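All remarks here apply to the structure that follows.
This one's a predicted model, so the numbers in the text were calculated from it and none came from an experiment. Position 1 is the first residue of the sequence, and the numbers go up from there.
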Amino acid sequence: MLTRMRLALLLLLLQLLPLLSKCRTTSPPRYDPTWESLDSRPLPFWFDQAKFGIFIHWGVFSVPSFGSEWFWWYWQKEKRPKFVDFMNNNYPPGFRYEDFGVQFTAKYFNANHWADILQASGAKYVVLTSKHHEGFTLWGSKYSWNWNAVDEGPKRDVIKELEVAVRNNTALRFGLYYSLFEWFHPLFLEDEASVFEKRYFPTSKTLPELYELVNKYQPDVLWADGDGGAPDQYWNSTGFLAWLYNESPVRNMVVTNDRWGAGSICQHGGYYTCSDRYNPGHLLPHKWENCMTIDKFSWGYRREAGIGDYLTIEELVKVQYTTKPEKKIVYAIFLKWPISGKLFLGQPVGSLGETEVELLGHGQPLTWASSKPNGITVELPHLSFHQMPCRWGWTLALTNVT
């Protein structure tokens, strides 16, 4: 009897093995601290759907709000005349940049109001400067004592307030910018003098703050910047990113950029930025971000900016193509209506009987023809100025193209 029971159990187990193998979970990939391994990590899916984000530069440089966020460097290091004159004309002798810290009160900062504006803009993610090259942190970093927003100025954890407001009141992803180096930090200057053979600054300042930021605020975007001319080995960027992708609380959702050391930009990391205000003018095989300013000369507010210093609406809405994969739609944005009424698109490949083209706001299917070797030519509708769906730019919805 016992033998029959064992035989029955064995047969049942053999029948269940295929089902058990299907239920077995696949372990997530682990990444080694090498660029070859780290670069193989696919970007989390949410970033594909987040076509538009907002970058906020805010810090002590916002107090003088003159010239640019590089105010301290231009004034004290390069001694540019217009910055020197600004200080001589507006502040007493002996006034130091550090004295602006007390004046950075954030008196009118309301995180919920910011969150409402961000949500209404249509943006899908927001990135706040947690620390710029001046070294002032917008959270109470214990590695930046007396030069942070909790000990000085606002006496508030600005990052935490905005993180809570964004995550509680909006659908946006929350991200943080972080400058690896600091212009005038004595430890960085000592390391720089040794041609970065010494590593006092990254081990005692940069890396501890990065771990603190990730563990405390769990950003969806970690936007590194400011390598100070030091290679990624000096910053231990690959070691940190391996932890970020393997062990951190945001390992499955975090998106990073490509500024992790001299020579890594447009070569390694998550999505590519390549340069400030980068716009390649054609499709790239690697995910990229055009980090663009509204002001042509500064990333932050400056009091002397004139209306001509800001980009026009036409300049701001330049995107070439975007997509909605679940509906098999590619959107092509164009800013000049061709006189001939025919618009050539060099990238999409259409299929007769399957591809449809529509002008958003018009509603009727448009005629198109294949071009050799690639692309399609679209016959645009004859519209008067008042019939135009928009003043500044137009979008074609292309269904079933490759």
Side-chain angles (χ1 to χ4, degrees), residues 42-43 45-54 119-125 171 266 271-275 277-294 296 307-308 310-402:
L43 286 182
F45 180 72
W46 73 261
F47 190 70
D48 274 340
Q49 307 305 306
K51 309 301 181 186
F52 169 50
I54 291 181
Q119 178 72 10
S121 73
K124 302 302 181 183
Y125 64 103
C266 219
Y271 60 81
Y272 290 169
T273 62
C274 297
S275 66
R277 307 175 180 88
Y278 176 68
N279 190 354
H282 59 275
L283 294 180
L284 298 182
H286 194 92
K287 297 293 173 59
W288 60 284
E289 177 188 69
N290 180 355
C291 194
M292 175 61 66
T293 57
I294 296 176
K296 298 174 185 176
I307 189 65
Y310 292 97
L311 295 176
T312 64
I313 292 178
E314 290 87 349
E315 291 170 319
L316 284 172
V317 299
K318 289 180 180 178
V319 181
Q320 293 116 10
Y321 295 96
T322 184
T323 182
K324 188 173 286 185
E326 68 275 14
K327 293 188 177 181
K328 298 182 179 180
I329 299 177
V330 171
Y331 297 99
I333 299 173
F334 62 105
L335 303 179
K336 291 184 179 180
W337 194 279
I339 297 176
S340 66
K342 296 181 179 182
L343 180 68
F344 172 69
L345 302 175
Q347 296 291 336
V349 177
S351 300
L352 290 175
E354 295 185 11
T355 297
E356 295 182 357
V357 181
E358 179 184 332
L359 176 67
L360 295 188
H362 178 251
Q364 300 298 319
L366 305 181
T367 301
W368 63 273
S370 293
S371 300
K372 301 292 184 181
N374 292 313
I376 63 175
T377 299
V378 180
E379 293 274 356
L380 297 174
H382 298 286
L383 302 175
S384 68
F385 178 80
H386 298 290
Q387 292 174 317
M388 289 287 184
C390 180
R391 282 185 56 191
W392 298 286
W394 305 271
T395 302
L396 295 178
L398 315 172
T399 306
N400 296 321
V401 294
T402 57

Flag side-chain contact, heavy atom, 4.5 Å: [X] against [Y]:
X	Y	value
V330	T399	no
P338	F344	no
F334	L396	yes
L343	W337	no

[X]: side chain to side chain donor-acceptor pair (under 3.5 Å) partners, not counting sequence neighbours:
X	value
K287	D48
Q387	S384
S340	none
N400	none

Name all residues meeting the salt bridge (Lys or Arg N to Asp or Glu O under 4.0 Å) criterion together with K342; count only those two or more places apart in sequence or in a different chain, and write none if there are none. E379

Using salt bridge (Lys or Arg N to Asp or Glu O under 4.0 Å) as the criterion, list what pairs up with K51, not counting sequence neighbours. none

Out of curiosity, S371 OG to L345 CG, how far, rounded to the nearest 0.5 Å? 9.0 Å

Only counting residues at least two apart or in another chain, list the ones meeting ring pair (Phe, Tyr, Trp, His ring centres under 6.0 Å) with W368. none

Taking side chain to side chain contact (heavy atoms under 4.5 Å, CB included) as the definition, give me every residue that meets it alongside T402, ordered by chain and number, with sequence neighbours left out. V349

Residue list, side chain to side chain contact (heavy atoms under 4.5 Å, CB included) with A50, at least two apart or on another chain: W46, K124, Y125

Specify the closest pair of heavy atoms between Y331 and A397, including all atoms of both residues, with the distance to one decimal. CE2-CB, 3.9 Å

Grab the two heavy atoms, one from T355 and one from G350, that are nearest each other, plus how far apart they are. OG1-CA, 3.4 Å

Going by atom type alone, with no hydrogens or angles, which donor-acceptor pairs under 3.5 Å involve a side-chain atom of residues 356-363 and a protein atom two or more places apart or on another chain?
residue : atom : partner : partner atom : Å
H362    : ND1  : Q364    : N            : 3.4

Looking at K328, I'd like to know if its NZ atom is crowded, meaning that more than 12 non-hydrogen atoms belonging to other residues, nucleotides or ligands lie closer than 6.0 Å. no

